[in-house]
Amino acid sequence: VQLVESGGGFVQPGGSLRLSCAASGFSFDGHSFGWFRQAPGKGRKEVALINPTDGSDHYSDAVKGRFTVSSDIAKNTIYLQMNSMKPEDTAIYYCAAVRLGLGVLISPDPENEYDYWGQGTQVTVSS
């Protein structure tokens, strides 16, 4: 089972990045996915969630209107388009998956409730 994130990097405030999360070793169908981020000294927090099966999604208030989560079932890949980025978006971004047929899992403790995690990709927003 693998989730591999890519697309992180350095961007100036106001800029954009697109993260990808490629899933392998388990059935894409029957799982719901999430993007989470962890800034230095802080806990891991939800960014955006998506269920490719029914298209449901959810965004944290911090990114709503700026970030868009999407999926490509044929490629077993989840994406996070990040626009109008701010310095406070700086963090390690993680992709995660949980066995869930329909809907998304909004959890106060995602590290213990999501089944699979990627290794993370660093995103830095700075001038």
Tell me whether Trp117 is reachable from Leu105 by hopping between hydrophobic residues (I, L, V, M, F, W, Y) whose side-chain heavy atoms are closer than 4.5 Å.
yes
Is there a donor-acceptor contact under 3.5 Å from the side chain of Gln2 to the main chain of Gly25?
no
Same apolar cluster: Val98 and Ile50, side chain cutoff 4.5 Å
no
Interatomic distance, CZ@Arg18 vs OG@Ser70, rounded to 0.5 Å, equals 6.0 Å
Counting distance only, does the side-chain N/O of Tyr59 pair as donor-acceptor with the main-chain N or O of Glu46 below 3.5 Å?
no
Does any part of the side chain of Met82, heavy atoms only, come nearer than 4.5 Å to the side chain of Val47, both counted from C-beta?
no
Do Val69 and Ile78 make a side-chain contact, defined as non-hydrogen atoms from C-beta onward lying under 4.5 Å apart?
yes
Report, one line per pair, each donor and acceptor closer than 3.5 Å where one atom sits in a side chain of residues 33-43; sequence neighbours left out.
{"unit_1": "Trp35", "atom_1": "NE1", "unit_2": "Tyr79", "atom_2": "O", "d": "3.4"}
{"unit_1": "Arg37", "atom_1": "NH1", "unit_2": "Asp89", "atom_2": "OD1", "d": "2.9"}
{"unit_1": "Arg37", "atom_1": "NH1", "unit_2": "Tyr93", "atom_2": "OH", "d": "2.8"}
{"unit_1": "Gln38", "atom_1": "OE1", "unit_2": "Arg44", "atom_2": "NE", "d": "3.2"}
{"unit_1": "Gln38", "atom_1": "OE1", "unit_2": "Arg44", "atom_2": "NH2", "d": "3.3"}
{"unit_1": "Gln38", "atom_1": "NE2", "unit_2": "Lys42", "atom_2": "O", "d": "3.1"}

Tell me, with the steps shown, if Gln81 and Thr68 meet side-chain hydrogen bond (donor to acceptor under 3.5 Å, both in side chains).
CA-CA 5 Å; Gln81 179 67 44; Thr68 302; over 6 Å; no
What distance separates Glu113 CD from Ile106 CD1, expressed to the nearest 0.5 Å?
11.5 Å
First locate atom CZ of Phe67, then atom OG of Ser60, and finally report the distance between them rounded to the nearest 0.5 Å.
8.0 Å
Does any non-hydrogen side-chain atom of Pro13 lie less than 4.5 Å from one of Pro87?
yes
Quick one: closest heavy-atom pair of Tyr114 and Ala96, and the distance?
CD2-CB, 3.7 Å
Modelled atom types, side-chain donor and acceptor of Thr121 and Glu5, under 3.5 Å:
no
Looking at residues at least two apart in the chain, or sitting in another chain, which of them share a salt bridge (Lys or Arg N to Asp or Glu O under 4.0 Å) with Asp115?
Arg99
Can you tell me how far apart SG (Cys95) and CG (Leu80) are? Round to the nearest 0.5 Å.
9.5 Å
For a quick test of reading the model, state the closest non-hydrogen atom pair linking Thr77 to Ser20 and the distance between them.
CG2-CB, 4.3 Å
Do Arg66 and Lys86 have side chains that get closer than 4.5 Å, going by heavy atoms?
yes
Between Phe26 and Tyr116, does a ring-ring contact (aromatic ring centres under 6.0 Å, His included) hold up when you go through it step by step?
CA-CA 10 Å; Phe26 66 100; Tyr116 311 123; 4.9 Å; yes
Under 3.5 Å: donor-acceptor pair, side chain of Ser32, backbone of Gly103
yes
Is there a path of hydrophobic side-chain contacts, each under 4.5 Å between heavy atoms of I, L, V, M, F, W or Y residues, that connects Phe10 with Met85?
no
So if you build clusters from Ile, Leu, Val, Met, Phe, Trp, Tyr with side-chain heavy-atom gaps below 4.5 Å, do Leu19 and Leu49 land together?
no
Give a yes or no on whether Val1 and Val4 share a hydrophobic cluster (residues Ile, Leu, Val, Met, Phe, Trp, Tyr; joining criterion: side-chain heavy atoms under 4.5 Å apart).
no
N/O donor-acceptor pair under 3.5 Å between Thr90 side chain and Val125 backbone:
yes
With sequence neighbours left out, what residues match Leu102 under side chain to side chain contact (heavy atoms under 4.5 Å, CB included)?
Thr53, Asp54
Verify whether one side chain among Asn51 and Ser56 offers a donor that lies under 3.5 Å from an acceptor in the other.
no
Using modelled atom types only, decide if a donor and an acceptor are shared between the side chain of Ser27 and the backbone of Asp29 within a distance under 3.5 Å.
yes
